[in-house]
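Take a look at the structure below.
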Amino acid sequence: MAYLTVKQFSQIWGITERRIIKLCKENRIKGAIKNGMIWEIPEETLKPSDKRSNIYKYINVPKRIMIIDTEDELKKDLQELLTKKGYVVEFEKFSIIRDNLDNISQYYEGLIFFPTNNLKECEETFITNFSKKLNSESSIVIVDYKRNKIQEKLSNKLKNEIGLKINTLILDFQKNKDTIVNYNEIAEDIVELLTKFKNTTGITITTDGGKIEFDKNRRTKDLEIGIFYKAINNYFKKLNKESYLWCVSTMLEDEWLESSQEMKFRLINLEVANRGVRFERIFIFSKDKIKQFKNNKTLKIYMQSNITTLFVDYDEIKEKAPYLLKIVGEGWDGIDKNTLIVDLEEKSSERGYISKNTKEILKAYNCFQELKKYSKNLREVLK
């Protein structure tokens, strides 16, 4: 590929060398490279549009996505994922926008629509009318608990009339207090349907949102490693400055090795602390292992973070308050006073379980406060 100088392009484009150098620095000239003090530009490069011109305003129309009646839990994840892909995201209520659609002048690249309950004819009419603000490159995703004939009719109609694609995400769970749902997974599926299937319409994907259900005692079953880590990571991501995280880790051996799951979990712990969450973690091990744990990478990272890291001597508790060790078991993470995420024994084929049982949580919480009476600053212990 041949390159020309700024001076040569100044003559070709009819603008000053100073202006071209500024465009190069702003990364607005594709392929431009700086060789020492000299900018070189591919000889076939077209002159970039002037931001001050009317043409530029038409060329650089923002990619807008309209999202109607989404679940509150999904808003943050959808906003984050779509913004990363360069979209401007707008959230609206169906009851409001239905009567004001004619007053919206801008055009859109996509629509994400949450029917009230199984797509109705009035909602079909709205989607048909909204499609006039879309084009053949646009996409519609309907998120519902089942697919009906109206959706199939819409898919065929809009494909033929406009050429856009319309696909469906079916939610295979019932939202209630006895079910945990990973809304980030649902958001990812929605964005995939919206952006990836460029030439496909009528696709239906079913997701259970990584649902985890509680039994009558408000506990989940024992969870496999993958499901357990997904659940705990999802819980931690939702914590804020008003949250209180109280955790106990038993370290009878040199644990917390460099497995990918533990490394990810460790990273999320640090992110939580950096968001200003009140975070206390007690590490229980014997005093005679202090020398061994001085080089433990995980402990070093925790001690350098905003997490309050405490040490409790296993042998002291075993002598003075052995009942506390029975409550601790293999360790747990407590979230406020409403959730307890419990570790299982290493020999178990499962990783842990989640409890919303009030008695179990309160028992663990009181145990944590008792352990703090025996605790010392981990930084001082391992220095």
Side-chain angles (χ1 to χ4, degrees), residues 1-68 70 75-92 97 100-113 127 129-141 158-159 161-167 187-188 190-201 274:
M1 179 187 295
Y3 287 84
L4 300 178
T5 64
V6 168
K7 184 176 182 179
Q8 290 170 308
F9 268 105
S10 175
Q11 296 171 349
I12 296 171
W13 288 345
I15 59 177
T16 65
E17 294 179 39
R18 184 176 179 181
R19 176 64 180 160
I20 295 175
I21 291 172
K22 186 173 187 298
L23 292 172
C24 289
K25 290 180 178 179
E26 293 175 351
N27 296 318
R28 291 183 54 202
I29 298 180
K30 187 175 181 181
I33 57 174
K34 194 172 185 181
N35 188 0
M37 299 295 291
I38 306 298
W39 281 96
E40 297 180 342
I41 304 169
E43 64 177 347
E44 296 180 355
T45 302
L46 298 176
K47 180 181 177 182
S49 300
D50 192 333
K51 286 186 176 181
R52 298 165 294 184
S53 72
N54 289 329
I55 293 175
Y56 185 87
K57 294 176 184 177
Y58 285 103
I59 293 174
N60 292 275
V61 174
K63 300 190 298 181
R64 297 181 184 275
I65 298 290
M66 176 66 76
I67 304 179
I68 308 293
T70 181
K75 280 187 176 181
K76 182 179 178 181
D77 288 323
L78 283 172
Q79 175 87 55
E80 184 177 313
L81 292 172
L82 288 167
T83 300
K84 284 181 180 178
K85 290 184 175 291
Y87 290 99
V88 175
V89 184
E90 298 177 12
F91 296 95
E92 285 290 355
I97 195 171
N100 292 285
L101 191 56
D102 292 338
N103 298 325
I104 297 177
S105 59
Q106 58 260 41
Y107 291 90
Y108 292 81
E109 291 293 315
L111 170 69
I112 301 172
F113 190 82
I127 293 174
N129 291 335
F130 190 90
S131 69
K132 296 172 184 176
K133 301 184 179 297
L134 302 170
N135 57 61
S136 59
E137 299 296 320
S138 301
S139 175
I140 295 176
V141 177
L158 298 180
K159 176 185 178 182
E161 292 183 0
I162 304 174
L164 60 75
K165 60 185 187 294
I166 176 168
N167 297 312
E188 289 176 345
I190 291 171
V191 173
E192 287 285 292
L193 283 172
L194 187 82
T195 60
K196 264 202 170 179
F197 299 96
K198 291 295 184 184
N199 304 305
T200 309
T201 189
N274 288 338

Looking at [atom1] of [X] and [atom2] of [Y], how far apart are the two atoms once the value is rounded to the nearest 0.5 Å?
X     : Y     : atom1 : atom2 : answer
Ile65 : Phe91 : CD1   : CZ    : 10.5 Å
Lys63 : Tyr87 : NZ    : OH    : 4.5 Å
Ile21 : Ile38 : CD1   : CD1   : 8.0 Å
Glu17 : Phe9  : CD    : CZ    : 13.0 Å
Ile68 : Ile97 : CD1   : CD1   : 4.0 Å
Ile29 : Leu46 : CD1   : CG    : 11.0 Å

Tell me if the [atom1] atom of [X] is crowded by more than 12 foreign heavy atoms within 6.0 Å.
X      : atom1 : result
Glu137 : CD    : no
Lys159 : NZ    : no
Asp102 : CG    : no

Atom of [X], atom of [Y] and distance for their closest heavy-atom approach:
X      : Y      : answer
Ile104 : Met66  : CD1-CE, 4.5 Å
Thr201 : Leu164 : OG1-O, 4.4 Å
Ile41  : Cys24  : CD1-SG, 4.1 Å
Ser131 : Leu158 : OG-CD2, 3.6 Å
Glu90  : Tyr108 : OE1-OH, 2.8 Å
Glu188 : Leu81  : N-CD1, 3.7 Å

Using modelled atom types and a 3.5 Å cut-off, is there a donor and acceptor pairing between side-chain atoms of [X] and backbone atoms of [Y]?
X      : Y      : answer
Lys47  : Ile15  : no
Ser138 : Gly110 : no
Gln8   : Thr5   : yes

Kindly indicate whether the side chain of [X], heavy atoms from C-beta on, has any atom under 4.5 Å from the side chain of [Y].
X      : Y      : result
Val89  : Leu78  : no
Thr195 : Ser139 : no
Ile33  : Tyr3   : yes
Leu111 : Lys133 : no

From CA spacing to verdict: side chain to side chain contact (heavy atoms under 4.5 Å, CB included), Ile112, Thr70 = CA-CA 8 Å; Ile112 301 172; Thr70 181; over 6 Å; no

Give the intermediate values and the outcome of side chain to side chain contact (heavy atoms under 4.5 Å, CB included) for residues Ile20 and Trp13.
-> CA-CA 9 Å; Ile20 295 175; Trp13 288 345; 4.0 Å; yes

Electrostatic pair Glu80:Lys84 at N-O distance under 4.0 angstrom |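 Here Glu80 pairs with Lys84 in a salt bridge, since their nearest N and O are under 4.0 Å apart.
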
List the steps, then state whether side chain to side chain contact (heavy atoms under 4.5 Å, CB included) holds for Ile166 with Phe113.
-> CA-CA 11 Å; Ile166 176 168; Phe113 190 82; over 6 Å; no

Evaluation steps, side chain to side chain contact (heavy atoms under 4.5 Å, CB included), between Glu109 and Asn135 = CA-CA 7 Å; Glu109 291 293 315; Asn135 57 61; 3.7 Å; yes

Test the Lys165-Phe197 pair against the cation-pi criterion, namely NZ or CZ under 6.0 angstrom from the six-membered ring centroid and within 45° of the ring axis.
->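 So Lys165 doesn't make the cation-pi contact.
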
